[in-house]
Amino acid sequence: MAGTGSLPDFDPLSIEIACGQSDHVDAPKFAQPWHAQAFGTSMALSRAGLFTWAEWVETFSTIIRNVPPWPGEDSNSTYYRQWETALETILLKKGILGADEISQAAEDWRRSYLATPHGHPVEFRRGLEESIGSHGDEGHDHHHHHHHDGRRPEPIAVSPARLAAAG
Amino acid sequence: MSHSHTKPPVPVALRVKAIETLLTEKGVLGAGVVDAIVDVFEHELGPKNGAKVVAKAWTDPEYRSWLLKDGTAAIESLGFSGFQGEYMVVVENTPEVHNVVVCTLCSCYPWPVLGLPPNWYKTAPYRSRVVLNPRSVLAEFDLQIPDDVEVRVWDSTSDVRYLVLPERPAGTDGWSEDELAALVTRDSMIGTGICRLAA
């Protein structure tokens, strides 16, 4: 029965409950430190008033539509990769950071790791070795989507009762 | 040589570090602001908050009416607010209606009461299929909705976050709020589960 639809196989039981009972009761934790950092950065910027959360959702949902998963990539990794792309997109759009300076700082971070003996804390340093330019600019259309407009909330879909209450 | 350096994280992680470094350097974000937010999400927000809301609604009819009428204020009165919980709508399960929540665009979710969403909530298959065929998706969660029950699917957005008020299990008369709260699962407040007594 399962898996005959045109959409990809979806078995939440195997995805989720296999991870342990507590997982379907409790909230998940961030799987990677950078997931937490990306999430927290968007939240912090919005709370600091640099963009509204509606602007974030518009940007992020556009990226989700336009940046496909990589073959073999798990859904959580795709999600946070899309999150990071959305974060760069909104930073560029708002003129807060430029793509080149992000690429340069990322390269400086990479070199900082490589220059740090294993087991020591990595500190950010600039000017290690020579600089290599890199890419990373992403251009995206921005679609509009529905916003709350003050009407009473309505379900997006209803599957009506198919039988009168069983007697 | 291989022991003389620290292996850098993956490129996307380096870009996130770069962004945070630059934002801090430029004074856009204060030092430690991001870590503080992450800490709240990892340690303070989660379904235990939502369970308190549900248990109170089950035991206090006045609170229940308030919750269904003005979810934001009723939830805030228990101390759960902020983080895009500014406009919360609570939808009530009854013997006639089962509610389930999705964010079709991305992953909008009532963080103050549920914390971070589970992975499946963020996936394209859930986001599309629960709208097209909610009953079959719910069946995959081992939740068979009887044919005489209507299923309503609610689309959370940046502006409106939905929380399901599940049905109180039979056989819990006289239980305390704490005892009831222990029955309330995360999935029951998304609508992909219901509250049951332990077998």
Side-chain angles (χ1 to χ4, degrees), chain A residues 7-8 10-13 15-16 24-30 34 36-38 40-41 43-44 48 53-54 57 60-61 64 75-76 79 81 84 87 91 96-97 101-102 105-106 109-110 113-118 122 124 145-148 153 155-166, chain B residues 3-9 12-23 28-29 33-35 37-38 42 46-47 84 87 89 104-106 108 114-116 118-120 122-123 125-126 128-129 131 134-135 140-142 147-155 157-160 185-187:
Chain A
L7 284 155
F10 173 57
D11 181 0
L13 299 179
I15 296 168
E16 190 66 10
H24 92 123
V25 175
D26 213 344
K29 303 293 183 197
F30 293 105
W34 72 266
Q37 209 172 9
T41 301
M43 192 82 50
W53 200 251
V57 165
F60 184 40
S61 58
I64 286 174
S75 65
N76 201 42
Y79 178 82
R81 190 167 55 79
E84 192 276 338
L87 177 56
L91 286 167
I96 302 166
L97 295 180
E101 62 181 330
I102 295 172
W109 263 116
R110 193 180 70 83
Y113 273 84
L114 292 174
T116 304
H118 188 71
V122 180
F124 181 67
H145 60 80
H146 52 277
H147 290 279
H148 177 63
I156 186 173
V158 171
S159 172
R162 290 179 288 199
L163 293 174
Chain B
H3 295 286
S4 67
H5 70 266
T6 306
K7 189 175 180 283
V12 63
L14 288 170
R15 293 188 80 80
V16 172
K17 290 183 82 69
I19 288 167
E20 196 185 355
T21 299
L22 292 168
L23 292 172
V28 177
L29 293 182
V33 168
V34 170
D35 288 346
I37 288 172
V38 169
E42 292 216 302
Q84 278 64 52
Y87 187 50
V89 173
T104 58
L105 289 172
C106 48
C108 298
L114 293 185
L116 293 170
N119 284 341
W120 54 258
K122 305 182 290 193
T123 60
Y126 179 76
S128 55
R129 282 187 48 207
V131 176
R135 289 174 200 269
E140 290 172 54
F141 282 87
D142 217 12
D147 277 350
D148 59 351
V149 173
E150 178 173 299
V151 177
R152 292 181 189 161
V153 185
W154 301 86
D155 191 8
T157 66
S158 58
D159 306 294
V160 190
T185 62
R186 177 194 73 202
D187 286 6

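Computed over heavy atoms, backbone and side chain alike; hydrogens, waters and symmetry mates excluded. Numbered from 1 within each chain, the chains take letters A, B, ... in sequence-line order.
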Q: When you compare the side chain of B:P9 with that of A:W34, does any pair of heavy atoms fall below 4.5 Å?
A: no

Q: Contact part of A:I96 toward chain B, heavy-atom cut-off under 4.5 Å: side chain, backbone, both or neither?
A: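 For A:I96, backbone and side chain are both near chain B.
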
Q: Checking heavy atoms, do the side chain of B:R135, its backbone, both or neither come under 4.5 Å from chain A?
A: side chain

Q: Can you give me the closest heavy-atom contact between B:L116 and A:K29, atom names plus distance?
A: CD1-C, 4.4 Å

Q: Can you tell me how far apart NZ (B:K122) and OG (A:S75) are? Round to the nearest 0.5 Å.
A: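 It is 7.0 Å, given to the nearest 0.5 Å.
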
Q: In the structure I gave you, are the side-chain heavy atoms of B:H5 and A:Y113 within less than 4.5 Å of one another anywhere?
A: no

Q: Is B:V16 close to A:L87 at the side-chain level, that is, under 4.5 Å between some pair of heavy atoms?
A: no

Q: Looking only at atom types and distance, does a side-chain atom of B:R186 sit under 3.5 Å from a main-chain N or O of A:A27, one as donor and one as acceptor?
A: no

Q: Please name the pair of heavy atoms, one in A:A36 and one in B:V38, separated by the smallest distance, quoted to 0.1 Å.
A: O-CG2, 3.2 Å

Q: Relative to chain B, which segment of A:I64 carries a heavy atom at a distance below 4.5 Å: side chain, backbone, both, or neither?
A: side chain

Q: Given that the side chain runs from C-beta out, which part of A:L114 has a heavy atom under 4.5 Å from chain B: side chain, backbone, both or neither?
A: both

Q: Is A:V122 close to chain B through its backbone or its side chain, or both, or neither, when contacts mean heavy atoms under 4.5 Å?
A: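 For A:V122, side-chain heavy atoms alone lie under 4.5 Å from chain B.
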
Q: Has B:K17 got a side-chain atom pairing as donor or acceptor with A:W109's backbone, closer than 3.5 angstrom?
A: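 Side chain of B:K17 to backbone of A:W109: no pair is present.
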
Q: What part of B:V149 gets within 4.5 angstrom of chain A, counting heavy atoms only: side chain, backbone, both, or neither?
A: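 For B:V149, backbone heavy atoms alone lie under 4.5 Å from chain A.
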
Q: With chain A, which of B:L114, B:D35, B:T21 has the greatest number of heavy-atom pairs at distances under 4.5 Å?
A: B:T21

Q: Counting C-beta onward and ignoring hydrogens, is there a side-chain heavy-atom pair between A:V158 and B:V151 closer than 4.5 Å?
A: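 No, every pair of side-chain atoms sits at 4.5 Å or beyond.
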
Q: With rounding to the nearest 0.5 angstrom, report the SG to CZ distance, B:C108 to A:F60.
A: 9.0 Å

Q: Taking the side chain as C-beta and beyond, is there a heavy-atom pair between A:E101 and B:L22 under 4.5 Å?
A: yes

Q: To the closest 0.5 Å, what do you measure between CD (B:E20) and OG1 (A:T41)?
A: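 Between atom CD of B:E20 and atom OG1 of A:T41 there are 4.5 Å.
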
Q: Considering only heavy atoms from C-beta outward, does the side chain of B:V153 approach that of A:P155 to under 4.5 Å?
A: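 A side-chain contact is absent here, since even the closest heavy-atom pair is not under 4.5 Å.
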
Q: Look up atom OG1 in B:T157 and atom CD1 in A:I156, then write down how far apart they are to the nearest 0.5 Å.
A: 10.5 Å

Q: Give, for atom CG of B:L14 and atom CZ of A:R110, the distance between the pair rounded to the nearest 0.5 Å.
A: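 Going from the CG atom of B:L14 to the CZ atom of A:R110 covers 8.0 Å.
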
Q: Judged by atom type as modelled, is there a donor-acceptor pair below 3.5 Å linking the side chain of B:T6 to the main-chain atoms of A:T116?
A: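 Yes, B:T6 side chain to A:T116 backbone: donor-acceptor pair under 3.5 Å.
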
